[in-house]
*Asks:* 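Quick one: this structure, given as structure tokens, is what I'll be asking you about.
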Amino acid sequence: MVYLIALAIWAAGWFINSKLANGPHSDTRAISLLIPIIFGVTIIAMWEVLVTMLDVSAVILPPPSMIAARFVTSLPMLWADFEQTILKGALTGYIAGMVAAFGVALLADRSDFLTKGILPVGAFMAALPIVGTAPIFVKWLGSDWESKAAVVAVMVFFPILVNMVAGLKDTSAMQRDLMRTYGAGYWPTLLKLRLPAALPFIFNGLKIATTLALIGAIVAEFFGSPTVGMGFRISTSVGQLALDMVWAEIVVAALAGSAFYGAMAFFEKRVTFWHPSQR
Amino acid sequence: MSIKGIIPALTVVGFILLIWTVAVVPMNAHLTADQAQRDGLAMSPEAPRDRQEYAGLTLAMKNPAIIPLAYTLERPRLPSPHQVASELYTTIFTKAPTSRRSLVYHAWVTLSATLLGFVIGTTLGILLAVGIVYNRTMDKSVMPWAITSQTIPILALAPMIIVMLGAIGIQGLLPKSIISAYLSFFPVVVGMVKGLRSPDGMQLDLLRTYSASSSQGFWKLRLPASMPYLFTSLKIGISAALVGAIVGELPTGARAGFGARMLVGDQYGQPIVTWAALFGAAITAALLVAILSLIEKRTLRRMGMGAV
């Protein structure tokens, strides 16, 4: 019976979506937004039905309604965690890592030799499990947000650096020659030609780094934190088997992650409107 | 990489090692001074409390005797490169790989979870990508979520997945593998969808003039064309899978694996152990990516797409 209801929900959602997707207006903005929303609602409805009717213990998987209730009732606590982890830890670290990467990229860019060295080494470092440095930074800088910011800064540094160094190389000889015929020196060439040309690359790095920043800030809290923060709340709530709280934190993380990424994509659109990929 | 490319890369690595080596002195100055005083050396501000007032560098300048000692401290804040290297050497080459003191043993524990998860995640990812490419409803409903999920710190789920699976009696290798699979899944889906769609209209039209069936179109055009995209996402996926397995070991108090090694070093005040585990994990990640690059090069060359 339970499975039949779940199946019916799935069939209904799928039916509506396949009608919409294969219908005449499937490429309009509204429909392409509506379809994934219906899909998400279908999944959540099935989850709710299956979990409540099969009496699945809340210790294994709480129903969405319970998570929503928990989310609403503990908003102040979630906000405090958000402030500690995202605003203090992730954002500070992100900005620090970004500024450092910009600085090093500009320095490296002045020498061909350094660029050739930094590209492979940076790409290699970007693939390493840098999250593992978290216990070291917590030991050095204490358990408050400074250590989290440091982990985040190191994590975001390499992807941004590699992308910016690659981006600064992305001008043709013809374009640089044109600047030279105008009598432009290093700085005007950099500001008027090479930095704008590098922007699509830089934003690519910045967008990759948003997710890394959140991961770094949350995972670093597993190694030690004050009694506030998303990673702290997740690990203690898991210990208390309060999984609804964990899910509420995950909802916050998902919202923060999407918003952070969305903000970067928005800036990118405003700043690189001239690039073919944005037109 | 050619010889020409290696020299600049080595220079950068050498520069990083140099900074590290120099930083050892100020980072360890206070600890070394305390230790040296206990061993009977005269330190310039006598009381440890007074020494806290000085920055590490000034303290080392005042007491040049502690500079060499800073590199051989037993429990340093920042181990020197040679300490980490020798710890790596002893735990990799001089211990039997089955011993709990061997890093190879811990590497295998993490690696087996990583590889199992990677295989699961990649298989599911490729299947979903095929579904997305051939079914418009699936494309429209699932693809936006697959892309959005890339912006979500999925790793935060790790402790919960472990506990959830533990509650229904699944323990050991599988929970870690599921986290690894989850992390390597999405890059593969996104990359494969891009790859399977990479043949252009002209190529698809050509197959149509040959009256090729849809399955022939898949096996002879779409799948081969997707290979470069697949390998790019596999390389991202395998390092994500390794990170997933390591983080999966953290909240459970696992007793073996890189993550467990890092925790042990952290809790028992043995920073060199943590650093060696960190470098062990880094070397493992590098080897995995290198192996995939090699397979990529070979495959693409055989398919006539080899990098020139």
Side-chain angles (χ1 to χ4, degrees), chain A residues 13-14 17-18 20-22 26 31-33 35-36 38-40 57 59-61 113-121 124 127-129 131-133 135-136 138-140 207 210-211 214-215 217-219 222-223 230-231 234-235 238 241 243 246-247 249-250 253-254 256-258 260-262, chain B residues 1 4-5 7-13 15-16 27 77-78 135-145 148-160 162-164 167-168 235-236 239 242-243 246-247 250-251 258-259 262-263 265-266 271 274-275 277-278 281-282 284-286 289:
Chain A
W14 193 258
N17 267 355
S18 67
L20 285 175
N22 296 310
S26 67
I31 300 287
S32 352
L33 212 63
I35 293 175
I38 293 178
F39 183 75
S57 155
V59 174
I60 295 173
L61 191 63
F113 183 78
L114 266 184
T115 312
K116 269 196 203 123
I118 280 184
L119 275 178
V121 176
F124 170 72
L128 297 185
V131 160
T133 55
I136 296 168
V138 170
K139 197 134 251 176
W140 284 353
K207 284 195 288 186
T210 54
T211 321
L214 298 200
I215 290 178
I218 294 175
V219 172
F222 296 161
F223 289 97
M230 297 167 69
I234 288 174
S235 54
V238 162
L241 297 178
L243 285 203
V246 179
W247 279 98
E249 288 288 354
I250 287 167
S258 313
F260 200 176
Y261 187 93
Chain B
M1 202 194 290
K4 258 188 171 169
I7 294 171
L10 281 183
T11 314
V12 171
V13 172
F15 184 67
I16 294 173
M27 285 296 285
R77 275 176 87 197
L78 176 65
N135 185 322
R136 202 174 154 73
T137 315
M138 217 152 152
D139 174 23
K140 289 268 172 187
S141 9
V142 181
M143 203 52 192
W145 287 107
T148 317
S149 72
Q150 303 246 300
T151 69
I152 297 170
I154 293 169
L155 219 51
L157 285 166
M160 191 190 55
I162 304 256
V163 168
M164 232 165 87
I168 49 176
K235 283 191 277 185
I236 299 171
S239 46
L242 184 67
V243 175
I246 292 174
V247 173
L250 299 179
F258 283 133
M262 287 174 196
L263 267 189
D266 187 39
T274 305
W275 280 79
L278 192 61
T284 312
V289 174

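Values below: all heavy atoms of this structure, side chains included; hydrogens, waters and symmetry mates excluded. A, B, ... follow the sequence lines: proteins, then strands. Residue 1 opens every chain.
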*Asks:* Given that the side chain runs from C-beta out, which part of B:Leu78 has a heavy atom under 4.5 Å from chain A: side chain, backbone, both or neither?
*Replies:* both
*Asks:* Contact part of A:Ile218 toward chain B, heavy-atom cut-off under 4.5 Å: side chain, backbone, both or neither?
*Replies:*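 Only the side chain of A:Ile218 comes within 4.5 Å of chain B.
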*Asks:* If I measure from the heavy atoms of chain B, does A:Leu241 come under 4.5 Å with its side chain, its backbone, both, or neither?
*Replies:*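 The answer is the side chain of A:Leu241.
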*Asks:* Can you tell me which portion of A:Ile215 sits under 4.5 Å from chain B's heavy atoms? Options are side chain, backbone, both or neither.
*Replies:*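 Both backbone and side chain of A:Ile215 come within 4.5 Å of chain B.
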*Asks:* Rounded to the nearest 0.5 Å, how far does OG of A:Ser235 lie from CE of A:Met230?
*Replies:*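 Rounded to the nearest 0.5 Å, the CE-OG separation comes to 12.0 Å.
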*Asks:* Residues two or more places apart in sequence or in another chain: which of them pass side-chain contact (heavy atoms from CB on, under 4.5 Å) with A:Ile136?
*Replies:* A:Trp140, B:Thr274, B:Trp275, B:Leu278
*Asks:* Using non-hydrogen atoms and a 4.5 Å limit, figure out which bit of A:Ile250 sits close to chain B: side chain, backbone, both or neither.
*Replies:*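 Side chain only.
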*Asks:* For B:Phe15, does the CZ atom sit with more than 12 other heavy atoms under 6.0 Å from it, leaving out its own atoms?
*Replies:* no
*Asks:* Below 4.5 Å from any heavy atom of chain A, which atoms of B:Met143 appear? Answer side chain, backbone, both or neither.
*Replies:*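 Neither part.
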*Asks:* Contact part of B:Asn135 toward chain A, heavy-atom cut-off under 4.5 Å: side chain, backbone, both or neither?
*Replies:*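 Contact with chain A is through the side chain of B:Asn135 alone.
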*Asks:* Tell me, side chain or backbone of A:Ser57 under 4.5 Å from chain B's heavy atoms, or both, or neither?
*Replies:*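 A:Ser57 has no heavy atom closer than 4.5 Å to chain B.
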*Asks:* Pick one of side chain, backbone, both or neither for B:Pro144, based on which atoms fall under 4.5 Å of a heavy atom in chain A.
*Replies:* side chain
*Asks:* Looking at residues at least two apart in the chain, or sitting in another chain, which of them share a ring pair (Phe, Tyr, Trp, His ring centres under 6.0 Å) with A:Phe260?
*Replies:* A:Tyr94
*Asks:* Non-hydrogen atoms of chain B under 4.5 Å away: do they reach the side chain of A:Ser258, the backbone, both or neither?
*Replies:*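 Contact with chain B involves both backbone and side-chain atoms of A:Ser258.
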